[in-house]
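Report on one structure; see the data block that follows.
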Amino acid sequence: MTKQRPLSSETSHTPAEKLLAWYDRHHRVLPWRVTPDDYRQGVRPDPYRIWLSEVMLQQTTVEAVKAYFLKFTGLWPTVQALADATEDDVLRGWAGLGYYSRARNLKKCADMIAMQYDGQFPQSVDGLKQLPGIGDYTSAAIAAIAFDIPAAVVDGNVERVVSRLFAIKTVMPQAKVEIRKFTEQLTPQNRPGDFAQAMMDLGATICTPKKPACILCPLNDNCAALSEGEPELYPVKAPKKARPVRYGAAFIIVSPQGEVYLRKRADKGLLAGMSEVPNSDWIAANECATPEHIMQLTSAERAPFAAQWLPSGSITHIFTHFELRLSVYKADVTSIPPSNNGWWVAQQNLGEEALPTVMKKAIGAALPDTFK
DNA sequence: AAACCGGGGAC
DNA sequence: GTCCCAGGTTT
């Protein structure tokens, strides 16, 4: 009696089994990742490195994270080492990566693990989710990848893959509930960590937002969106709102020794706890704003004190929810009026400060050789 | 549910 | 220019 064979490429393998077989051949090699072969040899991921990578990867591309991950693990190889660092150390290390509350929560979390958890990460989704900076996605990702717990790991890649597999018509973010349910249904008991990473690799390399490579996809037989003919229509998203423009002025203050004057931003709100050059408030102007009004918003009259302010160009910087246009002014001074509680930094040492990109742009406009 | 919170790369 | 990236927190 011969065994019945399927007529098409459709087999009895589950989507998870097909995806894991694809992952064994096509997985990305990343600095924080244990390869499937190494995992079979008994190698296990370091929960500290998985946590660190997952926080860095929140809304941030793999390519951008690599260098920061290597820098952080070099400076702070363990969660205890990170707990022993200062918050300013961590913010300086994070400068340029964005979403700086991640760095502040990272430090808080390291302190908690060191002080209250005996240096060990909780080995459950619920336990992990109690920690600062660890939400639905990151708790599931650490549980799955570091501890091989069959948690449903749903990031932007998985949302795209699953919404296409099942041709989910519900608009985002309302569709997240359905997507989670389907992801739980897909997640296997065997190799859940590799399954989560495989879903993300599939979304990053095959099931891409535009022009997905469906011909190469191990799940193309299972994909309802491909059957419909336009997989790139998923996930369905609502139109986005326009980004308002804010205006202001930044002031590069230079000492006789060529140092630049910096100060520290408030510990809440935009760029919290980071360093800055003195600058005005950033005011939104609607489309009806007159050129005179914008001139006023970007004027040297908004400086923290009177000086010979030299117009030194302007910069534009895009934040998540507004666009910022700053006029930049420079002045050489011999002293700073009191109540400007900042500090002086030699120009060649500015790279070691916790300067967000917008501030590096402003300094670069007035002092072009600073960040070469 | 919506707003807030960076920066950069691909197109 | 647009989109979106291994999202979390706050309101």
Side-chain angles (χ1 to χ4, degrees), chain A residues 27-28 30-33 45 49-69 91 94-106 108-109 128-146 151-161 171-177 183 193-205 207-211 232 235 237-244 246 265-274 276 315-324 354-361:
Chain A
H27 62 85
R28 292 178 290 177
L30 302 171
W32 46 86
R33 180 175 275 183
R49 293 165 62 89
I50 299 303
W51 163 68
L52 177 62
S53 68
E54 290 302 340
V55 174
M56 287 184 166
L57 286 161
Q58 290 166 3
Q59 292 293 289
T60 308
T61 57
V62 165
E63 282 310 309
V65 165
K66 283 179 180 173
Y68 283 87
F69 178 82
L91 285 177
W94 202 273
L97 197 55
Y99 284 143
Y100 298 98
S101 66
R102 292 186 295 174
R104 298 159 64 82
N105 285 329
L106 190 82
K108 282 185 199 168
C109 184
L128 288 161
K129 204 175 163 183
Q130 303 296 321
L131 295 163
I134 298 182
D136 287 334
Y137 163 75
T138 306
S139 57
I142 297 172
I145 297 169
V153 180
V154 183
D155 74 326
N157 290 304
V158 175
E159 285 176 355
R160 186 168 57 254
V161 171
V171 66
M172 294 290 290
Q174 194 181 333
K176 285 173 179 283
V177 178
T183 305
D194 279 350
F195 174 78
Q197 296 180 91
M199 288 285 277
M200 295 189 272
D201 281 16
L202 189 71
T205 64
C207 194
T208 50
K210 298 167 188 171
K211 297 185 179 178
E232 64 275 15
K237 297 195 173 180
K240 299 195 172 178
K241 296 179 179 178
R243 199 192 316 268
R246 297 184 194 177
R265 292 178 61 85
D267 59 7
K268 289 188 177 180
L270 189 73
L271 306 173
M274 300 295 284
E276 66 177 6
I315 61 145
T316 294
H317 188 76
I318 308 295
F319 291 99
T320 305
H321 54 293
F322 67 91
E323 174 180 332
L324 178 64
L355 286 168
T357 298
V358 62
M359 293 299 157
K360 291 185 177 179
K361 284 185 185 175

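Reminder, nothing fancy here: chain letters follow the sequence lines and each chain counts from 1. Just so you know, these numbers come straight off a predicted model, no measurement behind them.
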Base, sugar-phosphate, or nothing for A/Leu30, non-hydrogen atoms under 4.0 angstrom? base

Can you tell me how far P of C/dA6 sits from CZ of A/Arg102, to the nearest Å? 12 Å

Whether the A/Gln58 and A/Tyr137 side chains hold a donor-acceptor pair (N or O, under 3.5 Å, no angle test) is what I'd like checked. no

So do the side chains of A/Leu270 and A/Arg265 get within less than 4.5 Å of each other, counting heavy atoms only? yes

Can you tell which of B/dG7, C/dG8, C/dA6 lies closest to the side chain of A/Thr138? C/dG8

So do A/Tyr68 and A/Trp94 actually touch side chain to side chain, heavy atoms under 4.5 Å? no

Quick check on B/dC5: is either OP1 or OP2 less than 4.0 Å from any side-chain nitrogen or oxygen of A/His321? yes

Can you see if the side chain of A/Lys176 gets near the phosphate of B/dA1 - specifically, an N or O under 4.0 Å from OP1 or OP2? no

Quick one: label A/Arg160 by what it contacts on the DNA or RNA (base, sugar-phosphate, nothing), any heavy atom closer than 4.0 Å. sugar-phosphate

Any non-hydrogen side-chain atom of A/Asp194 less than 4.5 Å from a side-chain atom of A/His27? no

Do A/Thr316 and A/Leu324 come close enough that some side-chain heavy atom pair is under 4.5 Å? no

With sugar-phosphate meaning primed atoms plus P, OP1 and OP2, does A/Gly203 contact a base, only sugar-phosphate, or nothing at under 4.0 Å between heavy atoms? nothing

Looking across every strand, which nucleic acid part, if any, lies under 4.0 Å from A/Trp32 by heavy atom: base, sugar-phosphate, or nothing? base

Specify the residue among A/Pro173 and A/Leu355 whose closest nucleotide of DNA chain B lies further upstream toward the 5′ end. A/Pro173

Side-chain-base donor-acceptor pair under 3.5 Å for A/Thr320 and B/dG6: yes

To the nearest angstrom, how far is A/Glu54 atom CD from C/dG7 atom P? 9 Å

Which heavy atom of A/Arg28 sits nearest to which heavy atom of A/Val62, and what is that distance? NH1-CG2, 3.7 Å

A/Glu232 side chain reached by A/Pro209 side chain, heavy atoms, under 4.5 Å: no

Grab the N/O contacts between the protein and nucleotides 9-11 of chain C below 3.5 Å, and write none if there aren't any.
{"from": "C/dT9", "atom 1": "OP1", "to": "A/Gly133", "atom 2": "N", "distance (Å)": "2.7"}

P atoms of C/dC4 and B/dC5, separation to the nearest Å: 22 Å

Rounded distance (Å) that lies between atom P of C/dA6 and atom CZ of A/Phe69: 16 Å

Could you tell me how far apart A/Tyr68 (OH) and C/dA6 (P) are, to the nearest whole angstrom? 17 Å

Please state whether the phosphate of B/dG7, meaning OP1 or OP2, lies under 4.0 angstrom from any side-chain nitrogen or oxygen of A/His317. yes

Looking at the side chain of A/Pro356, which of C/dA6, B/dG7, C/dC5 is the nearest nucleotide? B/dG7

Between CD1 of A/Ile145 and P of C/dA6 the distance, given in whole Å, is 12 Å

Of the nucleotides C/dC4, C/dG7, B/dA2, which one has an atom closest to the side chain of A/Lys241? B/dA2

P spacing across the pair C/dA6 / B/dA10, given as an integer number of angstrom: 12 Å

Any carboxylate oxygen within less than 4.0 angstrom of a Lys/Arg side-chain nitrogen, looking at A/Arg243 and A/Glu323? no

For A/Trp51 and C/dG7, give me the distance from atom CH2 to atom P, rounded to whole Å. 17 Å

Please list each protein N or O that sits under 3.5 Å from an N or O in nucleotides 9-11 of chain B, with the distance.
none

Describe the nucleic acid contact of A/Arg28 in one word from base, sugar-phosphate, nothing, applying a heavy-atom distance below 4.0 Å. base

Over how many whole Å does the gap from A/Phe322 atom CZ to B/dC5 atom P extend? 7 Å

Centroid-centroid distance, A/His321 to A/Phe319, less than 6.0 Å: no

Are any of A/Gln59's side-chain N or O atoms less than 4.0 Å away from OP1 or OP2 of C/dG7? yes

Is there a side-chain polar atom (N or O) of A/Thr357 under 4.0 Å from OP1 or OP2 of B/dG7? yes

Name the nucleic acid region contacted by A/Val158, choosing base, sugar-phosphate or nothing; use a 4.0 angstrom heavy-atom cut-off, strictly under. nothing

Quick check: do A/Leu355 and A/Met274 have side-chain heavy atoms less than 4.5 Å from each other? no

Do the charged groups of A/Arg33 and A/Asp201 touch, with an N to O distance under 4.0 Å? yes

Atom CD of residue position A/Gln174 - does it have more than 12 heavy atoms of other residues, nucleotides or ligands inside 6.0 Å? no

Roughly how far apart, to the nearest Å, are C/dT11 and B/dG6 at atom P? 15 Å

Can you tell me the distance, in whole Å, between the NZ atom of A/Lys108 and the C1' atom of C/dG8? 12 Å

Under 3.5 Å donor-acceptor pair, A/Tyr137 side-chain atoms to C/dG7 base atoms: no

